[in-house]
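These values consider heavy atoms only, across backbone and side chains, with no hydrogens, waters or symmetry-generated copies. Model, not experiment: these values are computed from the prediction.
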Amino acid sequence: MLCRFASAGRSGAKLIAPLGCLVSRQKHTLPDLPYDYGALEPHINAEIMQLHHSKHHATYVNNLNVAEEKYKEALAKGDVTAQVSLQPALKFNGGGHINHTIFWTNLSPNGGGEPKGELLEAIKRDFGSFANFKEKLTAVSVGVQGSGWGWLGYNKEQGRLQIAACANQDPLQGTTGLIPLLGIDVWEHAYYLQYRNVRPDYLKAIWNVINWENVSSRYATCKK
């Protein structure tokens with residue numbers, strides 16, 4: 001069961017999963033975007049951003065709240081069958097909420113270019129060069145079959161960066177153990193209205209709005 005602490009900020013809430021969580025909790029809410037819907041144009045247009053945020057992400061949030069409430073009732077009743085049956089909904093909608101909350105902050109109208117400092121050095125160390133890293137993450141993201149995400153993550157045990165792909169809304173850390181730094185949404189709802197079915201064109205464009213300050217901050221935090 002995903003539970004949200006009442007003291008958590010609206011857009012920076014931490015999601016945790018204690019099975020016995022029956023305490024009163026805040027419902028999950030849709031985080032505000034840190035920029036206007038049209039701020040990422042011409043790379044991602046305003047119509048896509050509005051639908052993606054206010055419809056798709058909002059649906060994950062609403063469905064997550066419903067699933068959690070049902071899970072809480074099942075726990076109270078000791079109904080293990082119902083608890084098990086609710087796991088897919090918790091994973092899908094919880095993952096959708098986690099992934100998109102990261103995604104919005106990974107983008108910026110002032111983004112693009114290359115990262116600096118420790119993150120750039122780590123990318124060079126683990127991938128040879130920024131160009132190699134960009135090529136690899138793009139290829140992994142293009143290659144996702146159906147819907148999913150391409151990710152740059154941090155392997156805390158090995159102390160290095162890794163690239164991974166996740167299907168559907170599977171959350172990176174919950175399914176691979178990697179700490180998410182940069183996620184690229186390759187569901188068609190993230191690009192179809194502008195790029196139709198040409199996913200490579202969308203991926204080429206999105207590098208122009210990557211918020212490297214946010215990615216670098218995530219990297220610095222997970223290294224502590």
Problem - Linked, directly or transitively: Ile206 and Leu193 (ILVMFWY side chains, under 4.5 Å) - result: yes
Problem - Shared hydrophobic cluster, Tyr192 / Leu51 (ILVMFWY, side-chain heavy atoms < 4.5 Å) - result: no
Exercise for the section: Could you verify whether a donor N or O on one side chain and an acceptor N or O on the other, from Trp104 and His57, lie under 3.5 Å apart? Expected result: yes
Practice task
For residues 153-163, pull every pair meeting side chain to side chain donor-acceptor pair (under 3.5 Å), keeping only residues two or more places apart or in separate chains.
Solution key: Asn155-Gln162, Gln158-Arg160
Hey, is the main chain of [Y] close enough, under 3.5 Å, to the side chain of [X] for a donor-acceptor pair?
| X | Y | answer |
| --- | --- | --- |
| Ser217 | Asn214 | no |
| Asp36 | Gly38 | no |
| Asn106 | Ile210 | no |
| Trp212 | Gly111 | no |

Minimum heavy-atom distance between [X] and [Y], given as atom pair plus value:
| X | Y | value |
| --- | --- | --- |
| Gly153 | Leu172 | CA-CD2, 4.0 Å |
| Cys166 | Trp151 | SG-CD1, 4.1 Å |
| His100 | Tyr60 | CE1-CE1, 3.4 Å |
| Ser54 | Ala58 | O-CB, 3.2 Å |
| Tyr195 | Ala205 | OH-CB, 3.1 Å |
| Ala39 | Tyr35 | CB-CB, 3.9 Å |

Is any side-chain heavy atom of [Y] closer than 4.5 Å to one of [X]?
| X | Y | answer |
| --- | --- | --- |
| His97 | Pro31 | yes |
| Asn168 | Trp187 | yes |
| Glu69 | Lys72 | yes |

From [X] [atom1] over to [Y] [atom2], what is the distance, rounded to the nearest 0.5 angstrom?
| X | Y | atom1 | atom2 | result |
| --- | --- | --- | --- | --- |
| Thr105 | Glu213 | OG1 | CD | 12.0 Å |
| Ile98 | Thr101 | CD1 | OG1 | 8.0 Å |
| Glu118 | Arg125 | CD | CZ | 9.5 Å |
| Ile123 | Leu161 | CD1 | CG | 6.5 Å |
| Gln83 | Thr81 | CD | OG1 | 9.0 Å |
| Leu152 | Ile179 | CG | CD1 | 11.5 Å |

Practice task
Apply side-chain contact (heavy atoms from CB on, under 4.5 Å) to the pair Arg218 and Val215, showing each step before the final yes or no.
Solution key: CA-CA 5 Å; Arg218 291 179 181 278; Val215 181; 5.7 Å; no
According to side-chain hydrogen bond (donor to acceptor under 3.5 Å, both in side chains), who are the partners of [X], at least two apart in sequence or on a separate chain?
| X | result |
| --- | --- |
| Asn99 | Gln169 |
| Gln173 | none |
| Arg199 | Tyr191 |
| Tyr37 | His53 |

Practice task
Give me the ring orientation class for His52 and Phe103: parallel if the planes are under 30° apart, tilted from 30 to 60°, perpendicular past 60°.
Solution key: tilted
Please report, to 0.1 Å, the donor-acceptor pairs under 3.5 Å made by any side chain of residues 133-148, with sequence neighbours excluded.
residue, atom, partner, partner atom, Å
Thr138, OG1, Lys134, O, 2.7
Thr138, OG1, Trp207, NE1, 3.0
Ser141, OG, Leu137, O, 2.8

